[in-house]
Number of protein chains: 2
Amino acid sequence: MATGRTHRPATRSRGIPEATVARLPLYLRALTALSERSVPTVSSEELAAAAGVNSAKLRKDFSYLGSYGTRGVGYDVEYLVYQISRELGLTQDWPVVIVGIGNLGAALANYGGFASRGFRVAALIDADPSMAGKPVAGIPVQHTDELEKIIQDDGVSIGVIATPAGAAQQVCDRLVAAGVTSILNFAPTVLNVPEGVDVRKVDLSIELQILAFHEQRKAGEEAVADAGVVPPAARKQQPSTDQGPDGDVPAVMPA
Amino acid sequence: MATGRTHRPATRSRGIPEATVARLPLYLRALTALSERSVPTVSSEELAAAAGVNSAKLRKDFSYLGSYGTRGVGYDVEYLVYQISRELGLTQDWPVVIVGIGNLGAALANYGGFASRGFRVAALIDADPSMAGKPVAGIPVQHTDELEKIIQDDGVSIGVIATPAGAAQQVCDRLVAAGVTSILNFAPTVLNVPEGVDVRKVDLSIELQILAFHEQRKAGEEAVADAGVVPPAARKQQPSTDQGPDGDVPAVMPA
DNA sequence: CCATCTTTGTGCACGCGTTCACAAAGACAT
DNA sequence: ATGTCTTTGTGAACGCGTGCACAAAGATGG
């Protein structure tokens, strides 16, 4: 997982569970691929495989949207694409502002996955005056001063923060004050937002750290003669030979 | 959440729950900040606030690592930084290869969060021959042909895929065959990997879609007197006001 | 040394999400 | 029509994660 979200009570979650919502885009992607191949229908089993999930889970997910399948046959691809798109709100146009046009911001601006799903980059914003006017992905970068005006004029409700950590909260505050109610945060900071504003975060460093944890466990496992579940195959992994005063894998404790 | 991982049985989870592992990097970041300010100790309440979580949850998380706190006082910052780092395996050196040096790959190569946490970019790899030798973030890009050699010579066990979707599975297969056992995937595809290999994915488009869902719900909520689950009806939303105690912050509208 | 105050560590209950397993629904062949 | 076969939709059980609430541990002050 690369994401986390500010805890929304899920109180009046009229219907669709959060976990299901998070998978809908996955199904949508798989369905779109099928659609492009002109496949008319698909079974839960096939679609589940394509999306990388369990088929029972997929069927239950779809059951929250309604009964769109036909027993004995499966699901109509086109119809399902439409239903999921609608449920996710992708039949609308969502203008998005990206704040912080460094390497990452530029990469995001160029990312094709945005436009292809109903998202439109309304503006690129950076605090550096020398960036102003410079085109990135065909869109001229604008200065931070324009932030509020752009948001209000274009009716932007989704903002992407790709600034350094130090600037993130400030940018966030301005976005929210100007009317943005959903934020995708790439800066490695915890954002404080008022209730009613959704924040999702993506932190590359965190993802790697989680991988490192599992990697370490995998490596340590064999060393300790584990008659484990999985024959983890030939591990290359040179001898760790790293620091660690008392370096040891176990979680045990001194003191 | 921007991430998902291939389901690992978690069977003989030597203790630490997956959810806790995912939060450890968060705590570590907050603790590092405290450490830099030379704060000697911190209470679960304070640290939880800084990390954006519940204090009870934080205490329970730490309890999985051992009893590192002192009642009536709190946690020793430096000691905790060390323990968490060790638990996550960050006291080791983790060479990482990044495959696919487009906008995103370049952004990743330049990302400071890697080096600062024990990760070292061992190589940048791209399929485009014209990229070869060109330095990105001070590191010369190498051609895909070198992939296996690099992985084996440097003992790389973590790979980052930032290629187009079409190339991802192929790259993944080669990485795995060469000995990589942990993969961070930015390509919008489901990767098939043998058991024992961890995959985490980050999909920007998916994150935005999840935000759009909530955004749509926020907008439609007051417009309608909460209709049923099944007939959400295509709302072309021309929302009134956003929710909130005494909501201002108009949810505005796209063009 | 005793009382009081702070803060940890955790037992417990609850709710969400996952998975199994199967009845019902429909397609299809005869 | 009737029977068979496929696949959905879902009831129910289970397990994980979360949050409450409190007893125990230790600091601190008298």
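All values below come from the heavy atoms of this structure, side chains included, with hydrogens, waters and symmetry mates left out. Letters A, B, ... mirror the listed sequences (proteins, then strands); counts begin at 1.
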Exercise. Measure across B/Ala22 and A/Ile206 and return the closest heavy-atom pair with its distance rounded to 0.1 Å.
Key: O-CG2, 4.2 Å
Quiz prompt | Near-strand residues of residues 40-55 of chain A, defined as heavy-atom separation under 4.0 angstrom from DNA chain C | solution = A/Asn54
Practice problem: Could you tell me whether the phosphate oxygens of D/dG9, OP1 or OP2, come under 4.0 Å of any side-chain nitrogen or oxygen in A/Tyr75? | Solution: yes
Quiz item: Quick one: does A/Tyr111's side chain get under 4.5 Å of B/Pro188's, heavy atoms only?
Solution: yes
Exercise. Starting from the first five and the last five pairs of the helix from C/dC1-D/dG30 to C/dT30-D/dA1, work out the angle between the resulting helix axes, to 10 degrees.
Key: 10°
Quiz item: Where do A/Ala30 and A/Leu47 come nearest, in terms of heavy atoms and distance?
Solution: CB-CD1, 3.7 Å
Protein-nucleotides 12-15 of chain D N/O pairs closer than 3.5 Å?
| residue | atom | partner | partner atom | Å |
| --- | --- | --- | --- | --- |
| D/dA12 | N6 | A/Lys60 | NZ | 3.0 |

Quiz item: Looking at B/Ser44 and B/Leu58, what are the two nearest heavy atoms and their distance?
Solution: CB-CD2, 3.7 Å
Practice problem: Taking the six-membered ring for Trp and the single ring otherwise, decide whether the centroids of A/Tyr75 and A/Phe62 are under 6.0 Å apart. | Solution: yes
Self-check item: Contacts of type side chain to side chain contact (heavy atoms under 4.5 Å, CB included), residue B/Asp76, not counting sequence neighbours
Solution: B/Glu78, B/Tyr79
Self-check item: B/Lys218 side-chain N/O to A/Gly196 backbone N/O, donor-acceptor pair under 3.5 Å
Solution: yes
Quiz item: Separation of A/Tyr68 atom OH from C/dA25 atom C1', in whole Å?
Solution: 18 Å
Quiz item: How many Å lie between CZ on A/Arg59 and C1' on C/dC20, as a whole number?
Solution: 10 Å
Could you write out each protein N or O paired with an N or O of nucleotides 23-30 of chain D at a distance under 3.5 Å?
| residue | atom | partner | partner atom | Å |
| --- | --- | --- | --- | --- |
| D/dA24 | N3 | B/Arg71 | NH1 | 2.7 |
| D/dA25 | O4' | B/Arg71 | NE | 3.4 |

Practice problem: Kindly say whether A/Val73 contributes a backbone atom to a donor-acceptor pair with the side chain of A/Thr70 at under 3.5 angstrom? | Solution: no
Quiz prompt | Distance in angstrom units between A/Tyr64 OH and C/dC16 C1', rounded | solution = 9 Å
Self-check item: Partners meeting salt bridge (charged side-chain N to carboxylate O under 4.0 Å, His left out) with B/Arg117 (sequence neighbours left out)
Solution: none
Practice problem: Say whether A/Asp61 and A/Thr20, considering side chains only, have a donor N or O and an acceptor N or O under 3.5 Å apart. | Solution: yes
Self-check item: A/Ile210 to B/Glu18 - nearest heavy-atom pair and separation
Solution: CG2-OE2, 4.1 Å
Practice problem: Please state how far atom CD in B/Glu18 lies from atom P in D/dG17, giving the value in whole angstrom units. | Solution: 8 Å
Practice problem: Please report the shortest heavy-atom distance between A/Arg86 and A/Tyr68, naming the atom on each side. | Solution: NH2-OH, 4.0 Å
Exercise. Specify the separation, in whole Å, of atom CG of B/Asp61 and atom P of D/dG19.
Key: 11 Å
Quiz item: Out of curiosity, B/Ile16 CD1 to A/Arg217 CZ, how far, rounded to the nearest 0.5 Å?
Solution: 8.0 Å
Quiz item: Rounded to the nearest Å, what distance is computed from the CG atom of residue A/Leu80 to the C1' atom of nucleotide D/dT8?
Solution: 13 Å
Self-check item: Non-hydrogen atoms of A/Gly52 and B/Val190 that approach each other most closely
Solution: CA-CG1, 4.0 Å
Quiz prompt | Nearest-Å distance for atom pair NZ/P, residues A/Lys57 and D/dT10 | solution = 18 Å
Exercise. Whole angstrom is fine here: how far is it from CZ in B/Phe62 over to P in C/dT10?
Key: 14 Å
